[in-house]
Amino acid sequence: MKALLRMLFSKPPPAKTPSFNPIFIDEPQFISLIHSSKSIKHLQQIHAQIILHHQFSNSRIVTQLISSFSFKNNFINHALSIFRHFNNPNLYIFNSLIRALADNSYYMTSISYFVLMLRSNIRPANLTFPFVLKSTAALQEGWLGMEIHTQILKLGLLCDRLVLLHLVDMYAKVGLLECACQLFDESSQWGDEARSTLLWNVLINGYCKVGKWGKAVELFEVMPEKYGSTWSTLINGLMKAGEIDRAMELWRSVEERDVVSWTTMINGFSLNGQHEQALSMFFEMLEQGVKPNDQTIVCALLACAKAGALETGTRIHDYVLSNGFALKKGITAALVDMYAKCGSIENASRVFDMAEEKDLRTWSVMIWGCAINGYLDKALDCFNKMKSTGIKPDGVVFLAIITACLHAGNVDHGLHFFDKMKHDYSIEPTMKHYAVIVDLYGRAGRLNQALRFIKNMPIDPDFVIWGALFSACRAHKNIQMAEYASEKLLELEPKHPGGYVFLSNVYAGAGKWQDVERVRTKMKNKGVAKDPGWSYIEIHGQVTSFVAGDHFHDRSDEIHLKLDEITKNAREFGYTPETEWVLHNIEEEEKEESLGSHSEKLALAFALISGDDLKVIRIVKNLKICGDCHSLMKHASKMTKRDIVVRDIKRFHHFKNGSCSCQDYW
DNA sequence: TTAGGGTTAG
């Protein structure tokens, strides 16, 4: 093979006289060359040779070429261009293109080539349908699925077990479970061979995906032979439905727990916000001698990222390095994400810089990391570098870069990128993009512009949009506009606690206690409960969570004593509790007490009594940090001479020597 | 046979 490659690339045949060709390469040689090609450049050279050797109408070779190009991300256009230059494409050429498009998420285009195939009077075969159905499922187009079903019937291909499998899968994925069930029942006519365990699996998966896990359990129980993955599917379904205990019970009953079932549990705990359990499950798995795969590592790192568990994340990073895991794109992106979300942008950058392969997602997590940590310049630098490597930014990258502008308070830059995305890249903004722009205007106090922007949006503003305007009104004390926004919020989601909490916050801020009471009563009458605030802290690799007013911790008394001490000392440095952040109409002293038990403060006190050697105290909070806690953290960082890092729902606050990286703008 | 499968996933 090496000799053949050398022969090919060192002495290409003269381009102008292709008929005179001293080196003859036959079909099997070309095919094995394509299979062994390592880079895109290599493939392009082989493509050139195919043309020079007049082999461009050889469908066996071209089929291989199309699939090879499609395996490399971002090169699907090469596959398309090869297809377009092929005269009279046959079944194989069509199949390989349809597959290439479906595999690269170009679902619509793959369907359109399927249609073209039919119009060109080329009869689809069994191997055409798995990919066409995959695209249909992804597009969520049930009617299209039915049309294709008819085609399959006409061609008599329903008895093909994989065609049947994909058809049932498609119906389950587009939510037409009755059709899936009917097909499943009818399939018994072809015997057990056709009705494979996988077919059961697909149906059970379908039920889980629409949240009908009860039905899934029923099917599972009557299933003749239980396949490993079915357990995982079901456990995953139960976890997604929040049925943690049932999932655990089922998982315990699995005799041979494989990597996938462990990963499902780890991921399931994480999905339910139980990151501590997710991580202890991961370490239990290691203790039991089960080797994690890339996906397990990604899930475990994700749990660290969510809980802000830097120490544990670093431990997993060490594990990855010493156990021969290749730093492929998935793990790299997860590591960068973990370090960035744990507030360690230095380590995130280090992993990122060392990564051999950087895809859109790797760049994307890095830019997000810069954004939430408040490094606009670094985010911009990454954005430009990414473009120079030829990767085109997508909507998510633009969202990250605009968010970076938001946290840096740079309105003009943010608006510039928003326009650039629309006009230069033809990316249609999503609700999230609009929300960031509203936030951008709102935080800068440009409330009228924000409102005008919302009114001119081409899509109907959702809860988040009005919420962003609302927060801005609150910060800039515009009660009239806040009331308007809150009306919109309550219209959209009358059961969502956010709308009520927002409104009572505004009234409380303005001292309008009667109005606060009115909102609170309304909230109670409608049975709406406020989201509890919680915080995570990791000390010596152990994650602990606190909720506001928490007295459940073993060392609760000590924690509260320590907190009193910090507050007292802070007062001597000029800290006064900012009671406007309390909702209730209560006496000043009580208000102070209510503020005093916010979960991030409890976490801080816990860190101070248990981690003498902690140089940096890292806290993760599920809501936005309140002004009072923000103020106390600043004082605490100065008094204790320790850095305090708080990640709230929006961004990072790095407190150092009495000031915060957000410059009090958040 | 020029080529098709499910489970965990940011």
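Every chain is numbered from 1 and lettered A, B, ... according to where its sequence line falls, protein lines coming before strand lines.
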Rounding to an integer number of Å, can you tell me how far A:Ile148 CD1 sits from B:dG4 P? 19 Å

For A:Glu147, check salt bridge (Lys or Arg N to Asp or Glu O under 4.0 Å) against everything at least two apart and list the hits. none

For A:Asp294, which contact category applies under a 4.0 Å heavy-atom criterion: base, sugar-phosphate, or nothing? nothing

Quick one: A:His275 NE2 to B:dG10 C1', roughly how many Å, whole number? 14 Å

A:Asn95 side chain near B:dG4 phosphate (N/O to OP1/OP2, under 4.0 Å): no

Students often get this wrong, so: under 4.0 angstrom with heavy atoms, is A:Arg361 touching a base, only sugar-phosphate, or nothing? base

Between A:Leu127 (CG) and B:dG5 (P), how many Å, whole number? 10 Å

Remember a base hit wins even if backbone is also touched, and classify A:Leu162 as base, sugar-phosphate or nothing at under 4.0 Å, heavy atoms. base

Interatomic distance, A:Met239 CE vs B:dT7 P [rounded to whole Å]: 18 Å

What integer number of Å spans the C1' atoms of B:dG4 and B:dT8? 22 Å

Please state whether the base of B:dG4 and the side chain of A:Asp160 form at least one donor-acceptor pair under 3.5 Å? yes

How would you label the contact of A:Val202 with the nucleic acid (heavy atoms, under 4.0 Å): base, sugar-phosphate, or nothing? nothing

Rounded to whole angstrom units, what separation is found between the CG atom of A:Leu301 and the C1' atom of B:dT8? 15 Å

Picking from B:dG4, B:dT8, B:dG5, which would you name as closest to the side chain of A:Leu198? B:dG5

Answer with base, sugar-phosphate or nothing: what part of the nucleic acid does A:Thr233 contact at a heavy-atom distance below 4.0 Å? sugar-phosphate

CD of A:Gln55 versus C1' of B:dT2: gap in Å, rounded? 14 Å

Do any of residues 130-137 of chain A sit with a heavy atom less than 4.0 Å from DNA chain B, and if so which? A:Pro130, A:Phe131

The criterion is salt bridge (Lys or Arg N to Asp or Glu O under 4.0 Å); which residues satisfy it with A:Arg315, sequence neighbours excluded? none

Working note: A:Arg246 + A:Val217, criterion side chain to side chain contact (heavy atoms under 4.5 Å, CB included); need CA distance, chi angles, decisive distance, verdict. CA-CA 10 Å; A:Arg246 284 201 75 162; A:Val217 172; 4.0 Å; yes

Holding to salt bridge (Lys or Arg N to Asp or Glu O under 4.0 Å), I want the full list of residues that pass it with A:Arg99, two or more places apart in sequence or in another chain. A:Asp103

Rounded distance (Å) that lies between atom P of B:dG4 and atom CG of A:Leu155: 20 Å

Residues two or more places apart in sequence or in another chain: which of them pass salt bridge (Lys or Arg N to Asp or Glu O under 4.0 Å) with A:Asp294? A:Lys328

Using a cut-off of 6.0 Å, state whether more than 12 heavy atoms not belonging to A:Arg257 lie near its atom CZ. yes

Under the 3.5 Å rule, do the base of B:dT8 and the side chain of A:Thr264 count as making a donor-acceptor pair? no

Distance below 4.0 Å between A:Arg161 side-chain N/O and B:dG5 OP1 or OP2: no

Quick one: is A:Asn236 getting a side-chain N or O under 4.0 Å of the B:dT8 phosphate, OP1 or OP2? yes

Specify the separation, in whole Å, of atom CD of A:Gln295 and atom P of B:dG10. 8 Å

Parallel, tilted or perpendicular: which fits the ring planes of A:Phe30 and A:His53, with parallel below 30° and perpendicular above 60°? perpendicular

Qualifying residues under ring-ring contact (aromatic ring centres under 6.0 Å, His included), relative to A:Trp262, sequence neighbours excluded: A:Trp251

Looking only at the side chain of A:Lys209 (C-beta and beyond, no hydrogens), which of the listed nucleotides B:dG10, B:dG5, B:dT7 gets closest? B:dT7

Checking all strands, does A:Val163 fall into the base, sugar-phosphate, or nothing category for heavy-atom contacts under 4.0 angstrom? base

